[in-house]
Amino acid sequence: MTNVIQNIENQIEKIVGEAVGKSVAQGELPELEIPQITVEIPRDKGFGDFSTNIAMQLAKSARKAPRFISDVIIKNLDLNDTYIEKVECAGAGFINFYLNNNWLYDTLKAIQLEGQEYGKIELGNGRKVMVEFVSANPTGPLHMGNARGGALGDCIANVLTAAGYDVTKEFYVNDAGNQIEKFGISLEARYIQLLKGEDAIQFPEDGYHGEDIINHMKEYIAAYGDKLLNTEEKERRRILVEFALPRNIENVKSALQSYGVNHDVWFSEQSLYDSGELDETIQILRDKGATVEKEGALWMKGSVMGSDKDEVLVRNNGIPTYFAADIAYHRNKFLKRNFDWVIDLWGADHHGHVARMKGAMAEIGIDPDKLDVVLFQLVRLYRNGEIARMSKRTGRTISLTDLLEELSVNGNDGKDVARFFFNMKASGSHLDFDLDLAVKQSNENPVFYVQYAHARICSMLRLMEDEGYKVPEVNTVNMVLLDKKEEIELIKKLAEFPQEIKISAQSLEPSRLTRYVLDVAGLFHSFYNACRVKGEENELVKARIILVDSTRTVIRNVLNILSISAPEKM
RNA sequence: GUGCUUGUAGCUCAGCUGGAUAGAGCAACGGACUUCUAAUCCGUUGGCCGGAGGUUCGAAUCCUCUCAAGCACGCCA
């Protein structure tokens with residue numbers, strides 16, 4: 001809950017604002033409007049610990065040179081009760097603040113005090129948010145796109161939880177509509193083929209070709225034999241779907257579970273039909289005049305979606321489209337279940353759907369800004385330098401389960417590697433997943449780098465415990481002894497953690513956290529090579545144990561958010 | 001054709017919502033294990049930020065144009 005950096009930035013904003021006010025009052029600066037004061041950590045350490053560009057922003061309205069303005073502000077700064085030791089005007093007019101190390105020592109105290117709570121912030125204030133992700137068609141196993149969406153969505157949800165939101169993870173089960181129809185036809189074809197031979201029926205070109213369909217039917221036949229051969233077609237398909245669908249959903253659930261993904265709610269598309277919400281929603285759109293009837297179908301007017309094309313809501317055979325169901329679904333999310341904010345994760349190939357969805361939402365009276373759609377680029381799987389097919393329909397797909405199995409070599413947890421890899425890059429960037437490399441166990445594999453740092457720390461602390469050193473009560477420790485370059489750099493990085501959570505939550509980019517934890521691990525390894533703990537003078541040992549233990553806490557907290565294990569031994 | 005996304009080091013990517021001399025990992029090269037885990041560390045080399053204009057104190061970042069790649073434009077989901 002402590003966010004030292006945020007506190008300092010707020011403090012600097014405040015004293016700078018006051019200094020500007022004072023300068024104006026004393027006639028040193030003309031009357032002016034004070035813009036939002038931004039405080040940031042300069043990239044270059046030579047420019048201090050914090051800096052602000054306020055003087056440049058004021059230059060125009062004050063009609064003075066930026067450096068003159070900075071000098072006036074600096075002169076009027078009240079530095080009492082701050083960590084600030086030195087203030088300088090630099091460059092084009094930046095005001096750079098140099099702090100004494102107490103803010104870093106306070107950071108360590110906060111980490112020791114808060115433990116696994118350290119890093120959490122109150123950005124969300126308990127706001128109710130839904131993250132809907134994966135939502136794969138339950139017509140077959142999960143593919144690489146689902147794998148990326150799963151890792152991304154789960155981590156976004158975890159980040160938002162850490163940022164103080166009340167998060168619900170939801171899976172939308174597409175158990176109605178066209179693809180279920182197709183699922184039934186595919187099952188039926190395999191059923192007949194298994195009993196009467198390959199040539200007995202033509203397998204539909206656009207059916208689901210996966211082997212899992214055949215396996216379902218083998219199991220069905222083993223249990224119930226050929227009694228459906230003479231059953232009426234529609235009824236036969238219904239029975240087969242009823243048999244296979246729950247099994248598929250179970251498979252999806254267990255695959256996700258072994259991936260560390262656990263949805264809170266599995267929401268059935270069929271339930272929108274059953275409850276009448278779908279009809280209700282369509283009626284509302286009709287009443288609003290957002291629809292038009294033509295060619296025997298009901299269309300949503302393109303004009304309400306900012307498009308010149310109309311979209312079908314109800315087909316001429318009377319069956320509503322996926323789009324119609326999705327509108328009803330979002331109405332349910334916001335109006336029936338009162339979510340303040342909804343985040344959908346879709347593959348980038350669905351981007352055309354975003355504007356339509358938001359247009360429809362506005363039409364039924366929901367603020368479209370309450371919906372954020374995270375589009376992630378699809379994954380390309382490489383094996384032996386060649387693109388591996390990932391289409392579910394070719395039957396040669398590599399499923400999530402296959403992936404996890406393949407990555408679980410030499411005692412590694414495939415889940416850890418996969419989740420880390422999928423979250424290393426921003427969601428919008430294309431992801432080439434090189435199976436050969438991911439399976440390889442080497443220093444190219446960043447997840448090991450981080451886990452190794454954690455295991456190394458645990459090993460050190462075990463050893464120190466054997467020597468009679470436990471992690472000391474933080475207030476009994478002389479922190480000032482931590483003043484080596486490597487120590488300071490590491491603590492600064494640990495101090496950034498709450499801000500990293502904040503930015504990850506705001507940008508919906510957990511990839512920031514994988515990079516962050518890599519930085520922490522790197523700085524720790526540097527510290528390890530530059531400074532010793534064991535064998536140093538007693539007071540220094542205690543201080544460094546605090547630092548090492550705090551580093552462990554931060555690494556573990558980040559890995560928790562990513563749902564990646566933090567091994568104590570490697 | 002229209003729309004969305006992406007172009008940054010040899011490769012894979014960052015760049016914190018417009019800041020100071022554009023960063024990291026890998027690769028390449030050179031070093032460091034009698035000492036808490038060498039799955040580690042230290043150092044060197046490497047850039048027309050796709051290109052051209054514009055906006056301003058200041059642009060990889062914003063605008064326009066342009067080139068290239070991916071995706072979407074169905075009574076599929």
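When reading the values below, keep in mind they use all heavy atoms of this one structure, side chains included, and skip hydrogens, waters and symmetry mates. As the structure is a computational prediction, the values presented were derived from the model and not from experiment. In what follows, every chain begins at residue 1, and chains take the letters A, B, ... in the order their sequences are listed.
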B:G25 phosphate, OP1 or OP2: any side-chain N/O from A:Arg515 under 4.0 angstrom?
-> no
Report the distance from atom CG of A:Asp44 to atom P of B:A22, rounded to the nearest whole Å.
-> 11 Å
Check the pair A:Glu277 / A:Asn332 against side chain to side chain donor-acceptor pair (under 3.5 Å), numbers first and verdict last.
-> CA-CA 8 Å; A:Glu277 283 178 58; A:Asn332 176 282; 3.0 Å; yes
Taking only the side-chain heavy atoms of A:His350 (C-beta and beyond), determine which of B:G19, B:U40, B:A77 contains the nearest atom.
-> B:A77
How is A:Gln377 classified with respect to the nucleic acid when contacts are heavy atoms under 4.0 Å: base, sugar-phosphate, or nothing?
-> sugar-phosphate
Looking at A:Lys309, does any N or O in its side chain come under 4.0 Å of the phosphate oxygens OP1/OP2 on B:G74?
-> yes
Exceeds 12 heavy-atom contacts within 6.0 angstrom, atom CD of A:Glu205 = no
Among B:C36, B:C13, B:U37, which is the nearest nucleotide to the side chain of A:Lys534?
-> B:C36
Sort out the partner of B:G3 for me: Watson-Crick or G-U wobble, both distances under 3.5 Å, none otherwise.
-> B:C71
Does the aromatic ring of A:Phe94 sit over the six-membered base ring of B:A20, closer than 5.5 Å centre to centre and tilted less than 30°?
-> yes
Whole angstrom value for the distance that separates P of B:U17 from CD of A:Glu509 | 14 Å
Just compare B:A38, B:G15, B:U35 and give me whichever is closest to any side-chain atom of A:Tyr528.
-> B:A38
Between B:A77, B:C75, B:G15, spot the one nearest the side chain of A:Asn178, thanks.
-> B:A77
Between A:Tyr172 and A:Tyr329, does the ring centre distance come in under 6.0 Å?
-> yes
So, does the side chain of A:Ser51 form a donor-acceptor pair with the base of B:A20 at under 3.5 Å?
-> yes
Tell me, with the steps shown, if A:Trp346 and A:His353 meet ring pair (Phe, Tyr, Trp, His ring centres under 6.0 Å).
-> CA-CA 10 Å; A:Trp346 297 345; A:His353 192 52; 5.1 Å; yes
Measure from CZ on A:Phe448 to C1' on B:U37 and round the result to the nearest Å.
-> 16 Å
Find the distance A:Glu181:CD to B:C75:P and express it as a whole number of Å.
-> 18 Å
side-chain N/O A:Tyr449 vs B:A38 OP1/OP2, d < 4.0 Å | no
Between A:Ser268 and A:Gln270, is any side-chain donor less than 3.5 angstrom from a side-chain acceptor?
-> no
How far, in whole Å, is B:U45 from B:A22 if one measures between their P atoms?
-> 15 Å
Decide, for B:C71, between syn and anti: a glycosidic angle within 90° of 0 counts as syn, anything else as anti.
-> anti
Out of B:A14, B:A77, B:C75, which nucleotide sits closest to the side chain of A:Ala426?
-> B:A14
To the nearest angstrom, the CG-C1' distance between A:Asn53 and B:U56 comes to 14 Å
Across the strands shown, which category fits A:Asp466 at heavy-atom distances under 4.0 angstrom: base, sugar-phosphate, nothing?
-> nothing
Check: A:His525 side chain, B:C41 base, donor-acceptor under 3.5 Å = no
Does any donor-acceptor pair link the side chain of A:Asp349 with the base of B:C71 at a separation under 3.5 Å?
-> no
Starting at atom CZ of A:Phe376, determine the distance to atom C1' of B:C71, rounded to an integer number of angstrom.
-> 13 Å
Is there a donor and acceptor pair, one atom on the side chain of A:Asp519 and one on the base of B:A14, closer than 3.5 Å?
-> no
In terms of side-chain heavy atoms of A:Val533, which of B:A14, B:A77, B:C36 is nearest?
-> B:C36
A:Ser511 side chain N/O closer than 4.0 Å to the phosphate oxygens (OP1, OP2) of B:A14?
-> no
Can you tell me how far P in B:G19 sits from the matching atom in B:U44, rounded to whole Å?
-> 28 Å
Rounded off to whole Å, could you give me the CG-to-C1' distance for the A:Asn529 and B:U35 pair?
-> 12 Å
Across every strand shown, the nucleotide meeting Watson-Crick or G-U wobble geometry with B:A28 (both distances under 3.5 Å) is B:U44
For B:A77, take OP1 and OP2 only and decide whether either is under 4.0 Å from a side-chain N or O of A:Arg356.
-> no
Cut-off 3.5 Å, side chains only: do A:Thr38 and A:Asn53 have a donor facing an acceptor?
-> yes
Should the heavy atoms of other residues, nucleotides or ligands under 6.0 Å from NZ of A:Lys569 be counted, would the total exceed 12?
-> no
What does A:Cys531 touch in the nucleic acid at a heavy-atom separation under 4.0 angstrom: a base, only the sugar-phosphate, or nothing?
-> base
Please tell me if the side chains of A:Phe97 and A:Asp49 come closer than 4.5 Å, counting only heavy atoms from C-beta onward.
-> no
Looking at B:C16, B:U37, B:A77, which one has an atom nearest to any side-chain atom of A:Ile503?
-> B:C16
Might you work through the side-chain contact (heavy atoms from CB on, under 4.5 Å) test for A:Trp299 and A:Glu293, ending with a clear yes or no?
-> CA-CA 6 Å; A:Trp299 304 66; A:Glu293 281 185 65; over 6 Å; no
Does B:U55 sit syn or anti, given that only angles within 90° of 0 count as syn?
-> anti
Per A:His430 side chain, nearest of listed nucleotides B:G70, B:A77, B:U35 = B:G70
State whether A:Tyr452 places a side-chain N or O below 4.0 Å from either non-bridging phosphate oxygen (OP1 or OP2) of B:A39.
-> yes
Sugar-phosphate only, base, or nothing, as touched by A:Lys60 at under 4.0 Å among non-hydrogen atoms = sugar-phosphate
At under 4.0 Å between heavy atoms, what does A:Ala297 touch on the DNA or RNA strands: base, sugar-phosphate, or nothing?
-> base
If you check the A:Arg43 side chain, which of B:G19, B:C75, B:A60 turns out closest?
-> B:A60
For A:Met464 and B:C36, give me the distance from atom CE to atom P, rounded to whole Å.
-> 12 Å
Does a side-chain N or O from A:Arg456 land closer than 4.0 Å to OP1 or OP2 of B:A38, or not?
-> yes
Pairing nucleotide - B:C65, Watson-Crick or G-U, each distance under 3.5 Å = B:G51
A:Ser459 near the nucleic acid: base, sugar-phosphate alone, or nothing, with a heavy-atom cut-off under 4.0 Å?
-> base
Proximity to the side chain of A:Met570 - top-ranked nucleotide from B:G15, B:C75, B:A39 | B:A39
